[in-house]
Number of protein chains: 2
Amino acid sequence: MPAKENLRPGGRSARVQASVHSAVRSLLKTMDRADVTIPLIAAEAGVTPSTIYRRWGELQELLADVAVERLRPDMLPIDTGSARGDLEVWTEQYCEEMSSGIGRDMMRDVLAAQDNANACKCDAFTREQIALIAERAHVRGEAFPDIDAVMDGVVAPIIYRILFGDQPSIERVRDLVTNVLAASPTRPRQPASAPISG
Amino acid sequence: MPAKENLRPGGRSARVQASVHSAVRSLLKTMDRADVTIPLIAAEAGVTPSTIYRRWGELQELLADVAVERLRPDMLPIDTGSARGDLEVWTEQYCEEMSSGIGRDMMRDVLAAQDNANACKCDAFTREQIALIAERAHVRGEAFPDIDAVMDGVVAPIIYRILFGDQPSIERVRDLVTNVLAASPTRPRQPASAPISG
DNA sequence: GCGCTAAAAGCAAATAATTTGCGTTAATGG
DNA sequence: CCATTAACGCAAATTATTTGCTTTTAGCGC
């Protein structure tokens, strides 16, 4: 159970959490993640190791906790004037960020933790960004696919490739965007009239 | 650096590796993975802990090593007589296996390791299975999409959802298969849409 | 504000995991 | 069969983790 923003968000507790997070970020900048230990973080943060052990349990949870904060989008998707442009630009940026060494590491930290709440959060962040683009498209009167379609057609392939070895090229990313925009123009979810049994 | 099948695959070394792997599998059956430690595995396997430390470095690598073996497909994709049937049945089975508690854990172990060679292996396993289905389709004279298209359109969405919180429903899995078969009938890579009757 | 309660932090001792140096075993190659 | 050396076992040294207890302080009713 990562403490995070539950239980007693007041003064000292919050200060300790901030200090620990900051220590982790700082250490990860200068050393290999394999060499980062809880006692080291504690020293850097100016707290005792047992505080970290009691709050986060193990290094993995703490790293996931820090990573998810860094994966939180810090800006609105760029408005290019068109849905296609918005999605293309956002996707390329997202892909670049995630396939960078830091992005990969953060994603791994989030997925490696026992608690998958952080992974869900990352998914939610991404959906929110896409929802913003979709909303803008709607306001403009443009067609835009379902969020799930974008997740399946664009986000999932990018993440899969990053996690399982490949680095998606920019051309492939553009293809993914093209395909998802071509496939489901505006309808919520209606795959086809198929002979559904059961 | 997981030792695995490099360097001196002979008698004793191989025996130790097998014993350690078996010990890990055995322990994971009866206890929570959070409680599995290297000294415990060593005791179960009848080796000294330092042997494990020297060969695998850390628990995470050993777990990844064991997990990738369990993720290796142990049978050919079922031949249903048609490409669609083959892909549907294989996909459903794959999805079920991966979204089970054990499948999830194994995938997490593979992704959590520093060394991403194991993750690449998993990807390769999946591609091989799909290649077999594709080949059968080819022999039958049926259209079949590019392997990459299947990875992007079917495998990636399933894995993404499993990793990031959702469990894909069987209906969605069927939709994914339907869409990928409809989209790119036989050509390597052509995002165009043509009403083709197979 | 003031004190009460308990959550969270600190400290230090106890326990457990990891690393390391060195001697031994046994796979590999000639 | 012998030489070479990777891999193992053992045990001591180091480092990380857990835990019992004390102290600090946030949250809350008055």
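It should be emphasised that the depicted structure is a prediction, and the values quoted were computed from it without experimental measurement. Letters A, B, ... mirror the listed sequences (proteins, then strands); counts begin at 1.
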Open item on the list: On DNA chain D, does the nearest nucleotide to A:P49 precede the nearest nucleotide to B:V47 from the 5' side, or the other way round? Give the residue.
Closed with: B:V47
Open item on the list: Tell me the interatomic distance from B:I41, atom CD1, to C:dA17, atom P, rounded to whole angstroms.
Closed with: 11 Å
Task: Spacing of A:R15 atom CZ relative to D:dT24 atom C1', expressed in whole Å - done: 11 Å
- [ ] Grab the CH2-P distance between B:W56 and D:dA7 for me, whole Å please.
- [x] 11 Å
Open item on the list: Is it the case that the side chains of B:Y160 and B:D166 hold a donor-acceptor pair, with the cut-off being a distance below 3.5 Å and no angle test?
Closed with: no
Task: B:T48 side chain near D:dC8 phosphate (N/O to OP1/OP2, under 4.0 Å) - done: no
Open item on the list: In this structure, how many angstroms lie between the C1' atom of C:dA17 and the CD1 atom of A:I38, rounded?
Closed with: 13 Å
TODO: Side chain of B:Y53 only, please: which of C:dA9, D:dG9, C:dT19 is the nearest?
DONE: C:dT19
TODO: Report the distance from atom CD of A:E58 to atom P of C:dA16, rounded to the nearest whole Å.
DONE: 18 Å
- [ ] Please indicate whether A:E135 has more than 12 foreign heavy atoms, meaning atoms of other residues, nucleotides or ligands, lying under 6.0 Å from its CD.
- [x] no
Open item on the list: What I want to check is whether an N or O donor and acceptor connect the side chain of B:S50 with the base of D:dC8 at under 3.5 Å.
Closed with: no
Open item on the list: Tell me if the CD atom of A:E96 is crowded by more than 12 foreign heavy atoms within 6.0 Å.
Closed with: no
- [ ] Take B:T91 and B:R174 through the test side chain to side chain contact (heavy atoms under 4.5 Å, CB included) and record every step on the way to the result.
- [x] CA-CA 8 Å; B:T91 304; B:R174 288 218 186 94; over 6 Å; no
Task: Nearest-Å distance for atom pair CG/P, residues A:D35 and D:dA16 - done: 11 Å
Open item on the list: Is a donor from one side chain sitting under 3.5 angstrom from an acceptor on the other, for A:S19 and A:S22?
Closed with: no
TODO: Indicate, yes or no, whether a donor-acceptor pair under 3.5 Å links the base of C:dG10 to the side chain of A:R54.
DONE: yes
Open item on the list: Is A:R12 close enough to D:dT24 that one of its side-chain N or O atoms is under 4.0 Å from OP1 or OP2 there?
Closed with: no
Task: d(CD, B:Q60; P, C:dT18) in whole Å - done: 12 Å
Open item on the list: So, OP1 or OP2 of D:dA16: does either fall under 4.0 Å of a side-chain N or O from A:T37?
Closed with: yes
Task: Gap between atoms CD and P, on B:Q17 and D:dA6 respectively (whole Å) - done: 18 Å
